[in-house]
Amino acid sequence: MVLAVENLFIHGPSSSGPVAVVESLTLALPAATTLALVGESGCGKTITALSIMGLLPPGFFITSGSVKLGGEELTFLSKTELRQRRGKSMAMIFQEPMTALNPVMTVGRQITEVLLTHRVCPPSQARDKAIALLGQVGLKEPEKRFSSYPHEFSGGMRQRVMCVMAICANPQLIIADEPTTALDATVQAQILELLRELQSQSGAAILLITHNLLAASILADRLTVLYAGSVMETGPTAAVLNSPAHPYTRGLLGSQPRLRLGRDALCGIPPTLAAISGQVPPPGRRPLGCAFFSRCPQALKDCRDNRPHPVSKGPEHQAACFR
Amino acid sequence: MIFFRHLAVRLGNSILLLLAVIVLNFILIHSAPGDPAEVIAGEMGGATIEIIEEIRSRYGLDRPLWTQVVIYVRQIAGGDLGYSYYFNQPVSSLILRRIPPTLLLMIFSLASAAIIGVVLGVISSYAPHSVPSHLITFFSLAGYAAPVFWTGLMLMLLFGRFCPIFPVSGMFDIVAGHHGFAYVWDVLRHLALPSLTLILLNAAQFSRLSRASMLESLSTDYVRTARAKGLNERRVFLVHALRNALMPVVTMAGLQFGPLLGGAVVVETVFNWPGLGRLVFDSILRRDYPVLLGILFISAMMVILANIVTDALYRLIDPRVRGGPK
Amino acid sequence: MTDSLVKNFLTVRDLWVSYPSRAGQDCFTAVKGVGFDIPQRRTMGLVGESGSGKSSTALAVMRLIRASAGSISLGGVELTSLTGRALRAQRPKFQMIFQDPASSLNPRQRAVDILTEPMHLCGLGQKSQRIEMARELLAQVGLSSSSLMLFPHQFSGGQRQRLVIARALATRPELVVADEPVSALDAAVQAQILNLLGSLRDNFGLTVLFISHDLGVVQHACHEVGVMYRGLLIERAPTEKLFSAPAHPYTWALLSASVTDWGLREALKTIFGSGLENGVAADPDQKEKAARKKSLTPNFETTQPVSSTRSITKSIKWAISGCLKESGGQILNPRLSEDGSEGCNFLQCPLAEEKCRTQEPVLTEFEPGHLSRCRLAAEIRRQGQAVLELASSPAFGQMTAAA
């Protein structure tokens, strides 16, 4: 198991003191598989990713639970030890490619930095290796790209550069935090497929963070749906998409406009989408019972005061719902 | 190619600016109260009205103002900056002799203030709310708030009376030789106090700016990426954050050239440093218009040049500004 | 169809937009001769990748940038020739919704000021009435009246976009130009905002120009769709017709990139390639062009193949050519010759023929209501329909499941 997160609690700052941002999160990610962590803004998915990497912003702490990378407990490690693993055993691809690269450094130098810091290859070979990697992710004229600056690239190309930086030290775990959100819909599939290709070559595990359930299905083997800091449902992609067991998942699926082609396009399209009304409660204002209670169309009286435990709905498929 | 075209445009604009400066200065100075002819006559030990009239016509002071402006501009275009009323020398040679000490003082002070200020600012940004950071802020502000001449006089008192390690006046000792290492060392010793005064004034601005710039740089996405790559904190700080944080500092350094020149006037007067500043001070008191105008012209030129150089430097440092995007 | 009887509310003809030259570069033409009509109370969508010129078209229609040529007429009034006071007098009739709610609202203005300022500028109502009107607007977009005194940063992303929409409606416009109104929002919130836009459109009888890069959203929200590529309008059709089977290879490439079903995506990519710009190689370089000239076998892949299942690709092609043979057609093979500059500007088209490179493609109505710039529009459509039929068959499902 490359990544094993057990009962993770993360607290963050608020005007009334520390509040729980992530509660009781459990994930399991074997090698060469992809797990998509799906949820809306403010549900805690980015904070989870940062906590695994050891990059929590000031004010946020892991208050309890365990995070194991390749069997090693990360919460026991010192800052230096965590830093040594960053980039080498676990790497992260961020959301905004426009600002994630240093604007005054050539792209090539930013890549060779990683190669040299983690001693992936001797310094004399670093440049060639970087150029080879740039070609591998689909960039044409890689030698030219090596000496170019980030502002000369488009968004999709920058994200490919980020992929190179992430994989060049052969990490076991790649965390991709909304890698396609800032890009055109047309490029999204390309980047996700690139990640899949890289995964099949290196055997790395991928933790994909996204708010788009359908896009996640392109890449993910398993889906975990997060709402207001708690896991609502987790299971194999096909199972969760075809027979969602939690009202929130059903709401997410129903609310996305799906592309209909061919003959399906000729039947009328319903005028409204089945949107979930209301908004995500911010940390600190979450209800005692089920986090989704206030917006759930199928809420029971029980749901308000008692938090549902995960219940098995199928092979490897669980949902935290009383129904 | 684009770079040189831009430079040429800047130079063209600068010439127009200089012209405007000359004309404006001329008009302003000649509108000031006080009759130079009488001052000169006074220096000569009193004179009759006929002699004053003669002085006036000799120096062209009886012509209408506009004619004087035109004559003057034509003069400058030909390279002749006029003739000093007081020193009885061509203004250009007077100024040229005084430029090197002033440039030495200014460049040394500016560079030192920048380096010291940036170092202090970077240290301050490493631990933004710690005691060293607050101390640095406090002393920077003190240096900035105190009037330049007060700082100069205090330093003079400190090093002249209580701790006589630096000479407090002049640029060199007569006893020291005029060549070789002994001369250089002597000048440097004399340079210490005047430049320290200016440094205390300017380091504050550099340290405040670089602190703010570093803090902003440290919170950017690319610094987070650098940390995610596993780079050690020192590399993140110095290579990734600092490089980007320095850009506003470079711009400010260029802008500081002008005010520094103004500060140099006071400092040179306090420490009797034989530069342009001292000359300005004396000329104002003596109503020596040609010298004043000459100095104004030269200093305007220096400031404009400094800004062009800064701009060019900025374009070289920031690859985004350098060429157009693809 | 009775479209011709319905008055065209927005008419754009031969619109050209150029951006002036930066130092050392020629001026960049973002929009080249785009023309379309939107009948009253209908929604038209413009799709394309970044850089296709769709946002520039929207800004030109809004007169926020000057068009270099062309005519834009709104309800009979010619906008391109208006300036100054005359233009300002028309402004209340057409408003814009921007993409990023965080940066399109003045962070120092409260909600009530954001809403009443446009009213004040066009002289709508008395001062005392405006606050009441603002309150009504908030209710219509689903915000409570207690939000009147809040600043933009105190709203969530979805709420901010509602505020942006309310502001656009403050002057009671007839035309709304929405530039990627939901792209910056979470998937779950997008649905809420799309529903809101739909109901407001019906309640107020708005005519809408909807810009987006997301085809699913456009299919849901628009009556008619136009596809832009590098400044040109390359296809235009009613939504059902376009999505049932487009008639231009580029539209197919866009579709294939948005489809989430792997099997269908592979099938589409096999036939239509993935000739998209962003990310990889905008222009094929000289060596590649030369290589393509020399080779006799068709080159369907324009980027490095990401999928390694070549056997699937072969089976798909074989199955499709079988389908097409039955109806009397065959898979189009590209045979590129000289690279002519008058030809079609879709350089990465996997189906290009010789004529494509030499003949200037023109937007023609090859079927009633359906316009395409591709010479082979009808063929493309048929081929695409075959692919879609194949992909929905159970045999195909078995073939791809084996991958």
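Residue numbers begin at 1 in each chain, while the letters A, B, ... track the order of the sequences.
- Listed by sequence position, the residues of residues 104-119 of chain B in contact with chain A number zero, using a 4.5 angstrom heavy-atom cutoff.
- The neighbour count for B:Phe139 CZ, taken as heavy atoms of other residues, nucleotides or ligands under 6.0 Å away, does not exceed 12.
- Between B:His129 and B:His134, the two ring planes are tilted [angle within 30° to 60°].
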*Assess whether side chain to side chain contact (heavy atoms under 4.5 Å, CB included) is satisfied between A:Leu101 and A:Phe153, documenting all intermediate values.*
CA-CA 11 Å; A:Leu101 293 172; A:Phe153 290 56; over 6 Å; no
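- For the residue pair A:Gln159 and A:Thr180, no side-chain donor N or O sits within less than 3.5 Å of a side-chain acceptor on the partner.
- Contact annotation for A:Met98: neither backbone nor side-chain heavy atoms come within less than 4.5 Å of a heavy atom of chain B.
- Counting heavy-atom pairs under 4.5 Å between each of A:Met90, A:Gln110, A:Gln84 and chain B puts A:Gln110 at the top.
- Here B:Arg227 pairs with B:Glu233 in a salt bridge; the nearest charged N to carboxylate O distance falls below 4.0 Å.
- Only the side chain of A:Thr117 comes within less than 4.5 Å of a heavy atom in chain B; its backbone stays farther off.
- Side-chain atoms of A:Ser66 and A:Glu73 form a donor-acceptor pair, as typed in the model, at a separation below 3.5 Å.
- To the nearest 0.5 Å, atoms CG (B:Asn202) and OG (B:Ser195) are separated by 11.5 Å.
- A:Lys88 places no side-chain N or O within donor-acceptor distance of the main-chain N or O of A:Val114, the cut-off being under 3.5 Å.
- Both the backbone and the side chain of B:Arg224 come within contact range of chain A, each with at least one heavy atom under 4.5 Å from a heavy atom of that chain.
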